[in-house]
Each structure stands twice: as C-alpha cells, then as structure tokens.
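To start, the structure itself, in structure tokens.
By convention in this document, chain letters (A, B, ...) are assigned in the order of the sequence lines, proteins followed by strands, and residues within each chain are numbered from 1.
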Amino acid sequence: MSETPSAGWSMPAPPYRGSLRLSGRFWPTLRDAPADAEAVSHRLMVRAGLVRQLASGLYSVLPFGLRSLRRITAIIREEMDAIGAQELELPVMHPAEIWEATGRYGLDEQFRLEDRGGRRMVLGMTHEEIITWHAAREIRSYRDLPQSWYQFQTKLRDEPRPKSGMLRVREFTMKDSYSLDRDEEGLDRSYTAHAEAYARIFDRSGLRWYMVESDVGMMGGLGAHEFMAPSPAGEDTIARAPGDGYAANVEMAVSVASDPEFGAGPDAPDPFDTPGVGTIEELAAFTGLAPALLAKSVVVVADDGPVLCLLRGAHALHEKKLARLVGRHRPAQPDEIRGWFGAGPGSLGPVGVEGVRIVADETVTRGHYVTGANRDGVHLRGVVFGRDFTGEVADIREVRAGEGSPVSGEPLMLEPVIEIGNIFKLGLKYSEPLGATYLDAEGRERPVVMGSYGIGPARVMAAAIEQGHDEAGIVWPRSIAPFDVHIVQVGAPGSPQAALADRLFAELSQLGLEVLLDDRQDAKPGEKFVEAELLGCPLRVTIGKRTLPDGPLEVQVRRGRERRDVLLEGAAEALRALWETLP
RNA sequence: CGGGACGUGGCGCAGUCUGGUAGCGCACCGGCUUUGGGUGCCGGGGGUCGCCGGUUCGAAUCCGGCCGUCCCGACCA
C-alpha cells in the first residue's frame with residue numbers, strides 16, 4: 001500500500017487507527033437481497049455486507065457489521081463502567097445441576113447436551129444461575145455489597161421460530177449485568193442506576209425508544225421494565241398515552257374500559273334457543289346486542305386443570321396476564337370441553353359449572369350478560385356475577401387502542417416495538433435456591449437481593465437500521481456507523497485526485513474520525529456511489545477531476561442525501577465540524 | 001405446535017402444468033476500452049436442478065419419503 005506524500009505536509013504513519021482503504025478488503029455487497037430476507041434491516045444488513053446467514057436464526061457478522069457492533073458495545077461498556085459495574089466473563093456451557101436448583105432445567109428454549117462422560121450440560125440462555133453460583137461462594141459480608149457485574153456473552157436459545165433476520169435468533173451476544181444488594185432499597189438503587197445507564201446508552205446509539213412496564217416472564221421476580229424501539233418490524237406491542245407518559249407492554253397494560261350502559265335485566269338467568277350460533281359475532285347478530293353486552297367463555301387447560309375465562313365479547317383474552325394467575329396453560333380441545341361442560345364450544349357459560357376454575361375479567365362483574373347455557377344451541381340472558389355464578393376476578397383482557405390510560409384516561413395508542421433491552425428486579429428468586437447469602441451487621445445470615453439487566457447489541461443495530469433507512473440503503477446514526485466518513489475516490493492511482501484523497505484520508509483520521517477510502521480501481525464510479533449509500537455512513541466525500549484544482553469538495557450528508565460544498569482549504573476541519581452536527 | 005410457500009451456478013430468476021438430460025441477468029475469469037451514479041465491447045469458466053427412493057427407454061419436470069429456508073397463526077369456540 002503506497003502513500004503519496006505531498007510537499008510540506010507530514011504524513012502520519014499508516015494505518016490510521018479505525019480508518020481503512022477499501023482496495024483488497026473483504027466487503028461483499030449484493031445488488032439483490034436473498035429471497036428469504038423480508039425484514040428491512042435483514043435485507044439491508046445482508047446487501048450492505050454486514051452479515052451473512054449460516055442457518056435459521058444463526059448469523060455470521062462480517063467485518064463492516066462488526067465495526068458497528070463494536071461501537072455499540074463500546075457505548076454500553078462506557079455506561080456500565082460509569083455506574084460502577086465491573087466486566088467479567090462467564091462460560092457458555094454449564095452443568096445441568098445449577099439449572100435444576102432453580103427449576104429452570106428443561107425449559108423448551110434450552111439447548112441441552114452431554115459431555116463424553118455422560119454429564120448433562122446446558123448451553124446458557126442467560127446467566128442468572130451462574131452469577132448467583134459465584135456470588136454464593138464469594139460474597140460473605142454485608143461489606144461485600146453492593147456489587148454490579150456484567151459481561152458480553154453468547155446466549156443460545158432454541159427459539160420456536162427465529163425470524164426477521166437479526167431480530168429473533170438462536171445465538172446472539174448479550175450484554176447482561178447482575179446487581180447484588182443487601183436489601184430491596186439497595187436493589188432499587190441498582191435498578192435505577194441501570195435504567196439511567198440504559199437511557200444514556202440508547203440515546204447515544206441514536207435510537208428512538210421507550211421504557212415500558214413489562215412482564216417478568218421466565219426471569220421471575222418483583223418487577224421489570226423493557227426498553228423498546230418503535231418499528232413496524234417489532235414483535236412486541238406497547239400501549240402508551242403520550243400526554244400523561246403512561247407506557248406499558250400490552251402484556252401488562254391496563255386500561256379504563258368504557259363500559260356500555262346496561263338496561264334492566266331479568267331476575268334470573270333466562271334460557272333461549274340459539275340454533276347454530278357458535279361465535280360472538282353470530283350471537284350478536286342473533287340477539288341484536290353489542291358484543292360488549294355478551295360474555296364469552298374461553299377454556300384453557302392449566303397444569304392443575306381446566307379454567308373457564310369469562311370476558312366481554314368485544315375483548316380478547318391476554319395469555320400472559322392469565323399465565324400470571326394460572327401458570328402454564330394451553331387451549332382446551334373440543335372433546336375435553338364437552339366432557340367438562342356437557343356442551344361444545346359455542347354454548348359455554350359459567351352458570352352451574354362444577355369442578356372448573358372460573359376467572360372473570362373485572363369488566364364482567366357489573367351488569368348482566370348473555371352467556372352460553374352449557375347446552376348446545378341454548379344461551380342464557382341476564383347472567384349476573386355474584387348472583388348466578390362466582391369466580392376469581394382479575395384483569396385478563398388485552399388492552400385495545402382507544403381505551404383510557406390508567407393515569408389520565410387519555411386514549412391509548414398501540415405501537416409495534418423491538419425489544420432492545422430489559423431490566424428485572426429478581427429479588428431472592430435465584431439467591432435463595434442457590435444459597436447466595438451474606439452476614440449482616442448483626443451477624444444474621446440474609447439472602448442477597450438481585451437484579452438482572454440485558455441489552456442485545458445486534459438488536460440495537462437492527463433497530464437502528466429499521467428506524468434509519470431510505471430507498472438507497474442504511475442511514476446510520478453517526479455514533480454507531482461502521483465509518484464516520486466514506487471517501488469515494490474517482491481517478492486512477494497516481495493521479496492528483498488520488499493524492500488529494502490520500503491526504504484527506506490522513507487528515508480526517510488525524511482528527512479522530514474513522515474513514516473509509518474507496519480507492520478501488522476495479523469498481524466504476526457509479527458502483528462506488530451506490531455502495532456508499534447502501535452502507536450509509538453519515539458523510540460521503542467525492543474526490544475526482546471536478547474537485548481539482550481548487551475544489552470545492554463535494555460532500556453528501558447521507559441522511560436526506562443533501563449535497564454540500566466544502567472549501568478545499570481546511571476541508572478536514574470543516575468536515576469534522578459538519579459531522580459533529582449530525583444526529 | 002397448526003397452516004402456507006419456496007428449494008435450479010455466488011445473488012436474483014425462467015424452465016416443472018404439457019418428461020427428451022439446463023437457460024437468462026448480475027457477479028466471476030481473460031482481453032480491449034473506460035474512469036462522476038451499479039447499464040462499453042469481445043471471449044470464457046462454473047450447476048450430480050436440496051437429498052433418498054420409485055415410475056419410465058428417458059426425470060429439474062410425474063409419485064412417495066426426508067431435509068432445509070421463509071412467512072402467517074398459535075387468544076377470540
């Protein structure tokens with residue numbers, strides 16, 4: 001690689017840290033995305049030569065993709081260090097016994113294997129067990145607490161359905177951290193510190209994001225929040241009210257339901273024939289009543305038996321809300337239903353049912369409803385909670401757009417989001433079974449109070465692309481772009497243009513920018529421009545015949561593809577100043 | 001776990017219905033040409049048509065099984 005020093009200017013020693021000359025380098029771009037790729041971020045990441053797929057849910061990261069990931073992890077590392085967390089590294093493969101101790105051995109998503117000696121091992125889907133195992137051995141005194149430990153480590157999860165490129169995969173790197181505290185007040189402090197660090201991380205990464213209340217899921221514990229990047233490609237949905245700040249995963253969201261008015265009802269349930277009526281829609285049409293005045297009965301099978309869930313006809317059962325009440329469950333089969341109720345699906349109701357747990361959504365405890373009569377083709381009018389049947393009362397319905405926020409009543413909007421991070425208050429869930437205890441100032445043995453906190457750097461990258469792209473390619477936030485400036489050199493080696501490109505490359509690098517210089521001789525100018533826009537670095541500089549002898553330098557701001565002219569004199573400083581103004 | 005679709009050189013696709021042993025664009029290699037928007041010219045290499053089995057004189061094509069990949073659903077009786 002030959003340099004072309006110009007007179008009176010001292011060339012720093014190459015290679016310039018973080019900068020790269022493209023000729024001879026591995027950067028495979030694609031004119032067309034693979035037919036399998038559907039999500040925008042997936043298509044662009046593959047086309048722009050950032051990643052390649054190995055198998056379903058398994059991706060290899062190529063050099064330019066790795067550059068972005070490294071910038072994301074650097075931001076995370078800085079912010080974790082800033083709250084006093086210490087980085088460490090835990091194994092990916094674990095003895096099964098540790099997972100058995102917490103009851104998490106055998107989860108569907110867990111990869112399990114045996115070593116040559118027949119010892120059962122698992123591949124880590126997360127690391128609470130391992131951190132706690134070490135804490136149990138190393139933490140002895142209240143003087144050892146609090147602690148926050150974190151790592152960037154591979155997680156393996158046998159996802160039922162990997163999808164959307166890097167958004168749901170079976171193997172990925174996670175930044176996971178764990179806080180160890182003396183008590184819940186300490187946990188609250190650690191939790192808040194993490195929430196604030198996460199806010200800085202996602203702001204610095206250039207994402208639009210929300211922090212929302214979330215389900216504790218397989219982690220268990222006292223409470224949780226998720227960090228969500230809005231995107232049509234998102235798999236989760238949040239409900240939020242911009243005016244009052246309420247925001248929650250729909251798994252958790254509660255709303256003020258707008259109850260329709262009830263007229264007078266009969267003094268007792270009144271059966272009537274409903275031949276051929278099986279769905280709420282049919283029942284509404286048959287009776288002329290609004291679905292909200294009908295009650296639907298949904299039967300699921302939990303580990304300890306059948307559960308009849310009663311909801312307003314216009315509402316949908318939310319599985320995760322129900323799961324918090326009855327645990328793991330599945331939909332009931334029609335023949336099972338017939339055995340318990342004496343009628344098939346479509347004519348079920350809560351009146352007179354025995355041996356089946358009944359859970360009524362809170363919205364059906366007032367007013368009188370039409371329900372099934374547990375006889376095929378017959379329904380009951382005027383069914384009243386407390387008078388004609390009883391059951392547990394809970395919020396088990398899914399929030400709908402337009403319902404009132406619990407904070408102010410403002411209408412909720414639903415928005416698809418990508419989960420980019422989460423924080424959990426674990427409490428004693430892991431420290432108790434694994435014996436992570438310490439002695440307090442009075443010499444009493446007490447369990448360590450824990451929290452865990454995760455970020456998926458590749459999801460941050462994918463979310464940034466989902467939020468920042470146009471028809472030409474990726475539009476990176478400047479903090480996580482693979483390079484800061486992309487110089488397209490049009491001109492043969494040895495030409496004055498090439499010398500100028502070399503010089504700008506060196507000067508920008510010396511100012512601390514990371515520069516990609518497209519000095520390829522075998523690529524045509526059009527190809528270089530198209531690929532530069534596909535890759536999407538914040539600034540593109542073109543150096544060709546038109547640039548000489550006195551400029552100006554032609555600069556494209558990638559976001560918006562706006563063209564700017566920069567004087568040759570002091571160009572590097574001017575570019576750096578321009579770069580600093582970009583998002 | 002249920003449903004749907006697809007699998008033909010590196011990528012995108014045609015050919016499959018109506019069997020006769022493979023084609024296009026891009027990429028790649030050689031040469032010429034050219035150097036400001038992936039599109040100049042000439043020549044060339046590369047595919048056991050996902051795998052296995054069957055039918056047939058003959059299978060990318062028909063039949064069966066398997067594997068792989070993607071999408072939708074997995075709550076609304």
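- Counting to the nearest Å, the P atom of B:C26 and the CG atom of A:Asp32 are 12 Å from each other.
- Side-chain contact check for A:Leu54 versus A:Tyr59: every heavy-atom pair is 4.5 Å or farther apart.
- Comparing the P positions of B:G43 and B:C52 gives a spacing of 37 Å, expressed to the nearest Å.
- Searching all strands for a Watson-Crick or G-U wobble partner of B:U61 with both distances below 3.5 Å returns nothing.
- A:Val488 comes within 4.0 angstrom of nothing in the nucleic acid, heavy atoms only.
- A 6.0 Å sphere centred on CD of A:Glu235 holds more than 12 heavy atoms belonging to other residues, nucleotides or ligands.
- When side chains are defined from C-beta on, A:Leu317 counts as touching A:Leu322, because their heavy atoms get closer than 4.5 Å.
- B:G47 and B:A74 are spaced 40 Å apart, taking the C1' atom of each and rounding to whole Å.
- Taking CD of A:Gln497 as the start and CD1 of A:Ile543 as the end, the distance is 9.5 Å to the nearest 0.5 Å.
- Out of B:G73, B:G36, B:G38, the shortest distance to the side chain of A:Arg161 is found at B:G73.
- Here, B:U35 and B:G40 have their C1' atoms 12 Å apart, quoted to the whole Å.
- Residues A:Val51 and A:Val46 form a side-chain contact, since some pair of their non-hydrogen atoms from C-beta on lies under 4.5 Å apart.
- Nearer the 5' end of RNA chain B, as judged by each residue's closest nucleotide, is the contact made by A:Ala33, out of A:Asp522 and A:Ala33.
- Across all strands shown, B:U35 forms no Watson-Crick or G-U wobble pair with both distances under 3.5 Å.
- The same atom, P, is picked in B:C63 and in B:G68; the two are 22 Å apart, to the nearest Å.
- Separation of the C1' atoms belonging to B:C51 and B:C41 is 43 Å when rounded to the nearest angstrom.
- Nucleic acid contact for A:Arg540: base, since at least one base atom lies under 4.0 Å from a heavy atom of the residue.
- Remark: the A:Arg520 side chain and the B:G38 base include no donor-acceptor N/O pair separated by less than 3.5 Å.
- Using the Watson-Crick or G-U wobble rule with both distances under 3.5 Å, B:G23 pairs with B:C13.
- Taking the side chain as every heavy atom from C-beta outward, A:Leu380 and A:Asp270 never approach each other to under 4.5 Å.
- Looking at heavy-atom distances under 4.0 Å, A:Ala492 makes no contact with the nucleic acid at all.
- Atom-to-atom, CD of A:Glu533 to C1' of B:G36 comes out at 13 Å; the value is rounded to the nearest Å.
- Residue A:Ile337 is in base contact, counting any heavy-atom pair closer than 4.0 Å across all strands shown.
- For A:Ser164, the listed nucleotide lying nearest its side chain is B:C71; candidates were B:C11, B:U35, B:C71.
- Side-chain atoms of A:Lys163 lie closest to B:C71 of the nucleotides B:C71, B:G38, B:G12.
- Contact annotation: the side chain of A:Ser19 never approaches that of A:Leu517 to less than 4.5 Å [non-hydrogen atoms, C-beta and beyond].
- What separates CG of A:Leu294 from P of B:C76 is a distance of 17 Å, to the nearest Å.
- With rounding to whole Å, A:Glu527 atom CD is found 13 Å from B:C28 atom C1'.
- When the nucleotides B:G36, B:G38, B:C71 are ranked by their closest atom to the side chain of A:Thr29, B:G38 comes out on top.
- In this structure, CG on A:Leu516 lies 4.5 Å from CZ on A:Phe483, to the nearest 0.5 angstrom.
- Projected onto RNA chain B by closest heavy-atom contact, A:Lys524 and A:Pro34 fall at different nucleotides, the more 5' of which corresponds to A:Pro34.
- At least one side-chain heavy atom of A:Arg561 sits less than 4.5 Å from a side-chain heavy atom of A:Glu471.
- With a cut-off of 3.5 Å on both Watson-Crick or G-U wobble distances, the partner of B:G2 is given as B:C72.
- Closest to the A:Val490 side chain, of the nucleotides B:C11, B:C75, B:G36, is B:G36.
- The distance from atom CD of A:Glu471 to atom P of B:G37 is 18 Å, rounded to the nearest whole Å.
- Of the candidate nucleotides B:C11, B:G37, B:G36, B:C11 has the atom nearest to the side chain of A:Leu30.
- The distance from atom CZ of A:Arg31 to atom P of B:C26 is 8 Å, rounded to the nearest whole Å.
- Spacing of P atoms, B:C11 relative to B:U16, comes out at 23 Å, to the nearest Å.
- Between the base of B:G36 and the side chain of A:Glu554 there is a donor-acceptor pair shorter than 3.5 Å.
- Side-chain contact between A:Leu582 and A:Arg559 is absent, with no heavy-atom pair separated by less than 4.5 Å.
- Checking B:G36, B:U69, B:C11 against every side-chain atom of A:Asp36, the shortest atom distance belongs to B:U69.
- Checking B:G7 for Watson-Crick or G-U wobble geometry (two distances, each under 3.5 Å) identifies B:C67 as its partner.
- Taking the ring axis of A:Phe272 as reference, the NZ or CZ atom of A:Arg381 stays within 45° of it and closer than 6.0 Å to the ring centre.
- Side-chain proximity of A:Glu531 to the nucleotides B:G40, B:G38, B:C11 is greatest for B:G38.
- Among the nucleotides B:A27, B:G36, B:C71, the one closest to the side chain of A:Arg563 is B:G36.
- Using C1' as the reference atom, B:A14 and B:U8 are 10 Å apart when rounded to the nearest Å.
- Rounded to a whole angstrom, the distance from the P atom of B:G64 to that of B:A5 is 14 Å.
- Closest contact between the side chain of A:Ala316 and the listed nucleotides B:C71, B:G38, B:C76 involves B:C76.
- Rounded to whole angstrom, the span from the CD atom of A:Glu38 across to the P atom of B:G4 amounts to 18 Å.
- In the region residues 46-56 of chain A, proximity to RNA chain B at under 4.0 angstrom, judged on heavy atoms, holds for A:Arg47, A:Gln53, A:Ala55, A:Ser56.
- One can place CD of A:Glu159 at 14 Å from P of B:U69, the figure rounded to the nearest angstrom.
- Within 4.0 Å of A:Ser347, counting heavy atoms only, lies no atom of the nucleic acid at all.
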